[in-house]
Number of protein chains: 2
Amino acid sequence: MTMYVPKLEKDIRNPLEAGLASFEGKWKTRVICALTQTPNLRYSALKSAMGNITDAVLTTTLKELTADQIINRIQYNEIPLRVEYNLTKKGRAAIPMLSAICQWTQTFNPEWGQVKCGCGTANCLFDLKNH
Amino acid sequence: MTMYVPKLEKDIRNPLEAGLASFEGKWKTRVICALTQTPNLRYSALKSAMGNITDAVLTTTLKELTADQIINRIQYNEIPLRVEYNLTKKGRAAIPMLSAICQWTQTFNPEWGQVKCGCGTANCLFDLKNH
DNA sequence: CTGTATCCGGGAGGATACTG
DNA sequence: CAGTATCCTCCCGGATACAG
């Protein structure tokens with residue numbers, strides 16, 4: 001019933017800060033990565049892709065990404081209920097940006113350069129350590 | 001005497017998360033912005049550019065940016081002590097990335113598109129609301 | 001002038017139990 | 001299956017005071 005409402009408004013001053021806020025927190029980029037590798041994922045598939053996330057945290061993450069127009073929530077009123085998530089146009093437009101950050105890190109911190117993703121997916125964005 | 005040491009290690013899994021961590025927090029991008037507009041700034045100049053930051057928070061921010069190799073700390077052993085900060089090569093390489101995020105926000109959230117920076121500096125990265 | 005030391009409130013992330 | 005509701009812990013950002 002009582003949704004969480006922060007007492008202090010965040011102090012976001014420009015479009016850069018607004019953009020970065022879309023990716024902050026522990027799970028958002030991981031959800032984006034999963035949806036990049038597999039375009040349509042159900043709640044349960046997303047949850048197991050995240051590994052050890054709890055429902056409360058996954059739900060919050062998905063709501064924030066939806067509010068930021070980075071993912072779509074598509075509900076099929078079947079029984080049992082089916083819900084799928086995928087990237088919006090804005091979400092897909094973020095992929096090159098995130099890749100650029102990834103490469104920037106690997107360029108200047110070569111210790112990251114050796115870590116290769118083992119997922120075998122051709123369009124995988126990220127080089128994951130635990131994957 | 002007792003520096004702050006986090007008890008739980010941060011869970012950074014890939015170069016994207018490592019890169020984004022360099023920009024997180026309220027002040028890091030603002031410091032980068034200030035040093036983009038003015039290449040060499042003293043502690044006190046940086047502090048007044050930030051507006052209402054406290055010393056404890058500014059010091060922490062500068063240390064983290066230095067540790068991440070995004071800014072250089074140059075100390076002149078004069079009396080009184082003079083310290084200047086500027087962007088490293090890695091820091092300068094981040095500017096196009098940050099501009100891309102800025103533009104991404106302005107493209108998909110046009111309410112940010114009308115806000116223009118009033119600083120008059122040619123190489124100003126960001127469109128600032130309070131500036 | 002350029003910081004450190006110390007304390008504190010608020011909140012993000014998480015654990016657990018429960019539900020249509 | 002796809003979430004809510006509730007509670008809790010840790011620690012970040014900030015305030016204030018002090019120092020080399």
Side-chain angles (χ1 to χ4, degrees), chain A residues 1-13 17 20-31 40-67 71-86, chain B residues 1-13 17 20-31 40-67 71-86:
Chain A
M1 190 70 81
T2 54
M3 277 288 289
Y4 168 70
V5 176
K7 287 184 187 165
L8 297 176
E9 187 93 18
K10 278 209 159 191
D11 177 23
I12 293 185
R13 299 193 186 176
E17 293 177 10
L20 283 173
S22 310
F23 307 117
E24 80 192 7
K26 188 172 179 177
W27 300 103
K28 288 182 184 172
T29 57
R30 297 177 190 175
V31 168
N40 279 67
L41 283 175
R42 304 183 61 167
Y43 180 90
S44 51
L46 227 23
K47 181 170 175 176
S48 58
M50 294 302 99
N52 58 343
I53 197 172
T54 62
D55 286 317
V57 173
L58 178 56
T59 300
T60 301
T61 302
L62 294 173
K63 279 189 175 161
E64 289 175 357
L65 286 170
T66 304
I71 65 173
N72 287 128
R73 180 187 188 276
I74 304 158
Q75 177 171 332
Y76 301 91
N77 288 314
E78 305 168 354
I79 295 175
L81 181 62
R82 179 159 67 98
V83 177
E84 292 188 353
Y85 293 90
N86 59 27
Chain B
M1 188 71 81
T2 54
M3 277 288 289
Y4 168 70
V5 176
K7 287 184 187 166
L8 296 177
E9 188 91 18
K10 277 210 160 190
D11 179 22
I12 293 183
R13 298 192 185 178
E17 292 178 10
L20 284 172
S22 310
F23 306 118
E24 81 193 6
K26 187 172 179 176
W27 301 103
K28 287 183 184 173
T29 57
R30 297 178 189 175
V31 169
N40 278 68
L41 284 175
R42 302 184 60 168
Y43 180 89
S44 52
L46 227 23
K47 179 170 177 176
S48 58
M50 296 300 100
N52 58 343
I53 198 171
T54 62
D55 286 318
V57 173
L58 178 56
T59 300
T60 301
T61 301
L62 294 173
K63 279 189 173 160
E64 290 174 356
L65 286 169
T66 304
I71 65 174
N72 286 129
R73 179 185 188 278
I74 304 157
Q75 178 171 332
Y76 301 92
N77 288 315
E78 304 167 352
I79 296 174
L81 182 61
R82 180 161 65 99
V83 177
E84 291 189 353
Y85 294 90
N86 59 27

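Quick note on labels: first sequence line is chain A, next is B, and so on, each numbered from 1. Predicted model only: the values in this text are computed from it and were never measured. Note that these values count all heavy atoms, side chains included, but never hydrogens, waters or copies made by symmetry.
- Note: CG (Leu46(A)) to P (dC1(D)) measures 14 Å, nearest angstrom.
- No donor-acceptor pair under 3.5 Å is formed between the side chain of Thr59(B) and the backbone N or O of Ala56(B).
- Proximity of Lys63(B) to the phosphate of dT4(C): a side-chain N or O atom is located under 4.0 Å from OP1 or OP2.
- Tyr85(A) pairs in a side chain to side chain contact (heavy atoms under 4.5 Å, CB included) with only one of the listed residues (Ile74(A), Leu62(A), Asn72(A)), which is Leu62(A).
- When side chains are defined from C-beta on, Val83(B) does not count as touching Arg42(B), because their heavy atoms never get closer than 4.5 Å.
- Counting all heavy atoms, side chain and backbone alike, Phe23(B) lies closest to Thr29(B) at O-CG2, 4.0 Å.
- Residue Lys10(A) places no side-chain N or O under 4.0 Å from the OP1 or OP2 atom of dG13(D).
- For the 3.5 Å distance criterion, the side chains of Asn86(B) and Glu84(B) fail to qualify, holding no donor opposite an acceptor.
- A straight line from CD1 of Ile74(B) to P of dT2(C) spans 13 Å, rounded to a whole angstrom.
- Atom CZ of Arg73(B) is separated from atom C1' of dT2(C) by 8 Å (rounded to the nearest Å).
- In this structure, the nucleotide among dC1(C), dT4(C), dA2(D) sitting nearest to the side chain of Pro80(B) is dC1(C).
- Rounded to a whole Å, the OH atom of Tyr76(A) is 13 Å from the P atom of dG3(D).
- Distances shown here put every side-chain N or O of Arg42(B) at or beyond 4.0 Å from the OP1 or OP2 atom of dC1(C).
- In this structure, the NZ atom of Lys47(A) is 10 Å from the C1' atom of dA2(D), given to the nearest Å.
- Taking 4.0 angstrom as the limit, Arg82(A) places none of its side-chain polar atoms (N or O) nearer than this to OP1 or OP2 of dG3(D).
- Taking atom CG of residue Asp11(A) and atom P of nucleotide dG10(C), one finds them 18 Å apart after rounding to whole Å.
- Across the protein-nucleic acid pair, Glu78(A) atom CD and dG3(D) atom P stand 14 Å apart, rounded to whole Å.
- Among the atoms of the strands shown, only primed sugar atoms or phosphate atoms (P, OP1, OP2) are found under 4.0 Å from some heavy atom of Tyr85(A).
- The nearest whole Å value for the distance from the CD atom in Glu24(B) to the C1' atom in dG13(C) is 13 Å.
- Remark on DNA chain C: of its neighbouring residues Leu81(A) and Glu64(A), the 5'-side contact belongs to Glu64(A), judged by nearest-heavy-atom nucleotide.
- Residues Tyr76(A) and Leu81(A) have side chains not in contact (no heavy-atom distance under 4.5 Å, counting atoms from C-beta outward).
- Looking at Glu17(A) and Arg30(B), a side-chain N of the basic residue comes within less than 4.0 Å of a carboxylate O on the acidic one, giving a salt bridge.
- Contacts of Ser44(B) with the nucleic acid, taken as non-hydrogen atoms under 4.0 Å apart, involve only primed sugar atoms and P, OP1 or OP2.
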Protein-nucleotides 14-19 of chain C N/O pairs closer than 3.5 Å?
residue, atom, partner, partner atom, Å
dG14(C), OP1, Lys26(A), NZ, 2.2
dG14(C), OP2, Trp27(A), NE1, 2.6

